[in-house]
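One structure is given here, and the rest of the page talks about it.
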Amino acid sequence: MKGETIEEAHRLYFRGDSESALELYKTLLKKRPDARAAVNAALVAQEIGKHREGIQILREAGRAYPNNPLLFSHLGWALFNEGFLEEAE
């Protein structure tokens with residue numbers, strides 16, 4: 001990858017390279033958990049049909065940031081959209 005920054009992941013996504021953007025977001029998350037990168041990674045994963053992977057990314061980020069309402073809002077919607085209605089509540 002050109003540069004391993006969240007900005008580079010954004011650039012990849014907006015150039016239409018969602019797969020590479022997702023991989024870079026995941027690489028960044030392994031190095032240092034980050035709520036914003038996790039939400040972005042999960043949204044990209046869901047957009048390209050990797051819904052369960054998006055849910056897993058959000059769950060892991062939620063463990064690192066248990067008081068982040070944005071993460072849990074996205075997790076709730078992701079679970080809802082996958083039919084996990086009780087868990088989404």
Side-chain angles (χ1 to χ4, degrees):
M1 295 273 157
K2 181 179 178 182
E4 291 193 344
T5 65
I6 195 166
E7 290 78 15
E8 180 60 22
H10 295 334
R11 279 192 284 280
L12 288 166
Y13 173 77
F14 286 109
R15 285 188 201 137
D17 192 354
S18 298
E19 290 282 347
S20 293
L22 177 58
E23 291 307 312
L24 182 50
Y25 283 127
K26 291 186 331 187
T27 297
L28 293 169
L29 289 169
K30 286 178 188 171
K31 290 181 178 181
R32 185 175 53 96
D34 178 88
R36 183 173 69 147
V39 169
N40 289 338
L43 291 173
V44 172
Q46 293 166 4
E47 182 179 296
I48 61 176
K50 297 181 177 183
H51 301 280
R52 303 281 170 105
E53 185 173 352
I55 289 170
Q56 185 59 36
I57 290 167
L58 291 169
R59 282 185 173 143
E60 289 174 13
R63 286 191 284 280
Y65 297 97
N67 297 314
N68 188 307
L70 181 64
L71 286 171
F72 289 99
S73 175
H74 281 283
L75 177 57
W77 279 111
L79 291 166
F80 176 82
N81 288 331
E82 283 298 295
F84 300 109
L85 304 182
E86 287 185 26
E87 195 176 348
E89 289 182 4

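Please read all numbers here as calculations on a predicted model, not as lab measurements. In what follows, residues are counted from 1 in the order of the sequence shown.
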Grouping I, L, V, M, F, W and Y whenever their side-chain heavy atoms are under 4.5 Å apart, do Ile6 and Val39 come out in a common cluster?
no
In Å and rounded to the nearest 0.5 Å, what is the OG to CZ distance from Ser20 to Arg11?
13.5 Å
Residue pairs involving residues 60-74 (criterion side chain to side chain donor-acceptor pair (under 3.5 Å); sequence neighbours excluded)
Gln56-Glu60
Nearest heavy atoms of Leu58 and Ala78, plus distance in Å:
CD1-CB, 4.3 Å
By the side chain to side chain donor-acceptor pair (under 3.5 Å) test, which pairs, at least two apart or in different chains, include something from residues 31-41?
Glu4-Lys31
Among residues at least two apart in sequence or on other chains, which ones pass salt bridge (Lys or Arg N to Asp or Glu O under 4.0 Å) with Lys30?
none
May I ask you to test the Gln46-Ile57 pair for a side-chain heavy-atom distance under 4.5 Å?
no
When clusters are formed from ILVMFWY side-chain contacts under 4.5 Å, directly or step by step, what else is grouped with Phe80?
Trp77, Leu85
If you compare all heavy atoms of Ala38 against all heavy atoms of Ala61, which two are closest, and at what distance to 0.1 Å?
CB-CB, 3.4 Å
All pairs passing salt bridge (Lys or Arg N to Asp or Glu O under 4.0 Å) where residues 64-75 contributes a residue, at least two apart
none
Of all heavy-atom pairs between Ala64 and Pro33, which one has the smallest distance, and what is that distance?
CB-CB, 4.1 Å
Which value, rounded to the nearest 0.5 Å, describes the distance between Leu24 atom CG and Thr5 atom OG1?
7.0 Å
All side chain to side chain donor-acceptor pair (under 3.5 Å) counterparts of Asn81, not counting sequence neighbours:
none
With sequence neighbours left out, which residue pairs that include part of residues 24-43 fulfil the ring-ring contact (aromatic ring centres under 6.0 Å, His included) condition?
His10-Tyr25
Residue pairs fulfilling salt bridge (Lys or Arg N to Asp or Glu O under 4.0 Å) with at least one residue in residues 45-55, sequence neighbours excluded:
Glu19-Lys50, Lys26-Glu53, Arg52-Glu82
If hydrophobic clusters are built by linking Ile, Leu, Val, Met, Phe, Trp and Tyr wherever their side-chain heavy atoms come under 4.5 Å apart, do Ile55 and Leu29 end up in the same one?
no
Within this structure, what is the CD1-CG distance for the pair Ile48 and Leu43, rounded to the nearest 0.5 Å?
11.5 Å
